[in-house]
**Student:** 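Here it is, the structure in full.
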There are 2 protein chains.
Amino acid sequence: MARTSGSHALKTGPKVRLAALKLFALYGYAAVSMRQIAAEVGVQVGALYNYTPDKQSLLYDLMHTHLTDLLQTWRSQKTDTAPEELVLQFVTCHLNYHLDKSEAVFIAYMELRNLSELNFAKIETLRKSYELELESIITAGQRACIFSVEDPKITSFAILGMLKEVGTWFDGEGRLTKDEIIALYRDLVLRMLGVPASKP
Amino acid sequence: MARTSGSHALKTGPKVRLAALKLFALYGYAAVSMRQIAAEVGVQVGALYNYTPDKQSLLYDLMHTHLTDLLQTWRSQKTDTAPEELVLQFVTCHLNYHLDKSEAVFIAYMELRNLSELNFAKIETLRKSYELELESIITAGQRACIFSVEDPKITSFAILGMLKEVGTWFDGEGRLTKDEIIALYRDLVLRMLGVPASKP
DNA sequence: GTCTATACCCTGATAGAC
DNA sequence: GTCTATCAGGGTATAGAC
């Protein structure tokens, strides 16, 4: 009988990250102790320090992994197409990622102020380059007269803020499926960009 | 010489709340100690407990005060007018409040999970009645065929999420003034609601 | 109302046995 | 790699003097 089923197949290293991910998302970085993480993993406190030099690095690792994963996911999915289609690709990719990996996403939004100064700077760089992905689509569409927005930067912030909110209430058990929600938001984004509604 | 200038005129009670407001907003509830709050106020730790039974009540007081103040502000400002105008009143009132009282607003969004179960339930009730204010405007406008939205509830969440985001980057020193930002968001909200742009 | 002193528990992190 | 034991410090909250 192979012993590869469930989380028991995981070695301690990944289990530490998973436990921290779960607990930080639930209670917040500052409210979670290394002892709690150890208990969740099923080891004693001292053993954690074989896998992370300290608690701060654990937080940084989670946020860094999330952001590079998000960026890489988008950059590998986007195609060379017109801004109108590209922005819809972005919304779909962004929401799929956010709804599937809600814990990592939540931590990345909530725990920025608990990063050390140095770690914060690195994370901010990644975050801004993701923001820029959307903003440059909007600017390109604006130049091509496909979009009609008053302020591309504010519109980009507004769209990202709107999309971020979804993670705070979606739990997969509500009135709407993930795909229905994505369809609604795709429509809202086109409206914000001043794209006339297409009649079927 | 009257000794009523600056914050020195404040009695200790309000100073405790102000210190907690500032520190919770900066570092987060869980990361702030009662000793830090006492130092900010300029008293010793024990003195704080003349003004709050415990740290949890301090957090609850701040959030409760904020939400009742927000609700009361809106309900006293709104007029009996058409949905199209009413929703613009809501956006203006909401953004003015959020940009003026950014610390209390930030705490109310960030520290929900640090409330006790009982306190959380009370705060959630207040928060939902505020959300309902916007949702009912949208529903009314939809029935009157002034708005054209696919899903009033999602649209309401999307608008509140978009507006919430402003507080995370606005600091009064950027490229745009508060009134310019409000104007941009009023326009975005009308677009999301399917109101045709009015030509001047 | 504020102070000092203190009770009691938990914190992150380390050392050394196994 | 994990355990147990331990360190130094800080956490909330209280008691009693002034």
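As the structure is a computational prediction, the values presented were derived from the model and not from experiment. Both backbone and side-chain heavy atoms feed into the values below; hydrogens, waters and symmetry mates do not. We name chains A, B, ... by the order of the sequence lines, and we start the count at 1 in each one.
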**Student:** How many Å lie between CE on A:M34 and P on C:dA13, as a whole number?
**Tutor:**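 Spelled out: CE on A:M34 to P on C:dA13 is 6 Å.
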**Student:** Within the modelled atom types, does a donor on one side and an acceptor on the other bring the side chain of B:R35 and the base of D:dG10 under 3.5 Å apart?
**Tutor:**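 No.
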**Student:** Just how far, in rounded Å, is C1' of C:dA13 from OH of A:Y49?
**Tutor:**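 Distance check: A:Y49 OH to C:dA13 C1' gives 5 Å.
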**Student:** Using a cut-off of strictly less than 4.0 Å, decide whether A:S33 has a side-chain nitrogen or oxygen near OP1 or OP2 of C:dC10.
**Tutor:** no
**Student:** Given atom NZ of A:K55 and atom P of C:dT14, what is their separation to the nearest angstrom?
**Tutor:** 15 Å
**Student:** So B:V32, base contact, sugar-phosphate only, or nothing? Heavy-atom distance under 4.0 Å.
**Tutor:**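 Since only primed, P, OP1 and OP2 atoms lie under 4.0 Å of B:V32, the category is sugar-phosphate.
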**Student:** Starting from C1' on C:dG12, measure out to CD on A:Q36 and report it in whole angstrom.
**Tutor:** 13 Å
**Student:** Using every non-hydrogen atom in the two residues, find where A:E131 and A:S156 come nearest and quote the distance to one decimal.
**Tutor:** O-OG, 4.1 Å
**Student:** Could you give all pairs that pass the side chain to side chain donor-acceptor pair (under 3.5 Å) test and reach residues 33-50 of chain B, with sequence neighbours left out?
**Tutor:**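 Non-adjacent pairs meeting side chain to side chain donor-acceptor pair (under 3.5 Å): B:K22-B:E40.
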**Student:** For A:Y29 and C:dT11, give me the distance from atom OH to atom P, rounded to whole Å.
**Tutor:**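 These atoms are roughly 13 Å apart.
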**Student:** Go nucleotide by nucleotide along DNA chain C from the 5' end; which of A:A31 and A:P53 gets its closest nucleotide reached first?
**Tutor:** A:A31
**Student:** Considering residues at least two apart in sequence or located in another chain, which fulfil the side-chain contact (heavy atoms from CB on, under 4.5 Å) criterion with A:L70?
**Tutor:** A:H66, A:L67, A:Y97, A:H98, A:Y130
**Student:** Could you go through nucleotides 1-5 of chain D and list every protein N or O atom that sits under 3.5 Å from one of its N or O atoms, giving the distance for each pair?
**Tutor:**
| residue | atom | partner | partner atom | Å |
| --- | --- | --- | --- | --- |
| D:dT2 | OP1 | A:T12 | OG1 | 2.8 |
| D:dT2 | OP2 | A:Y51 | OH | 2.6 |
| D:dC3 | OP2 | A:Q44 | N | 2.6 |

**Student:** Please output the side-chain donor-acceptor pairs of residues 145-154 of chain B that fall under 3.5 Å, not counting sequence neighbours, one pair per line with the distance.
**Tutor:**
| residue | atom | partner | partner atom | Å |
| --- | --- | --- | --- | --- |
| B:D151 | OD1 | A:R175 | NH2 | 3.2 |
| B:D151 | OD1 | B:K153 | N | 3.2 |
| B:D151 | OD1 | B:I154 | N | 3.0 |
| B:D151 | OD2 | A:R175 | NH1 | 2.7 |
| B:D151 | OD2 | A:R175 | NH2 | 3.2 |
| B:K153 | NZ | B:E135 | OE1 | 2.8 |
| B:K153 | NZ | B:E135 | OE2 | 3.4 |

**Student:** Strictly by ring-ring contact (aromatic ring centres under 6.0 Å, His included), give each pair with a member in residues 159-196 of chain B just once, sequence neighbours left out.
**Tutor:** A:F157-B:W169
**Student:** Side-chain donor-acceptor contacts of residues 117-126 of chain A below 3.5 Å, not counting sequence neighbours, with atom names and distances?
**Tutor:**
| residue | atom | partner | partner atom | Å |
| --- | --- | --- | --- | --- |
| A:N119 | ND2 | A:Q56 | OE1 | 3.0 |
| A:N119 | ND2 | A:S116 | OG | 3.3 |
| A:E124 | OE1 | A:R127 | NH2 | 3.0 |
| A:E124 | OE2 | A:R127 | NE | 2.6 |
| A:E124 | OE2 | A:R127 | NH2 | 3.1 |
| A:T125 | OG1 | A:A121 | O | 2.9 |

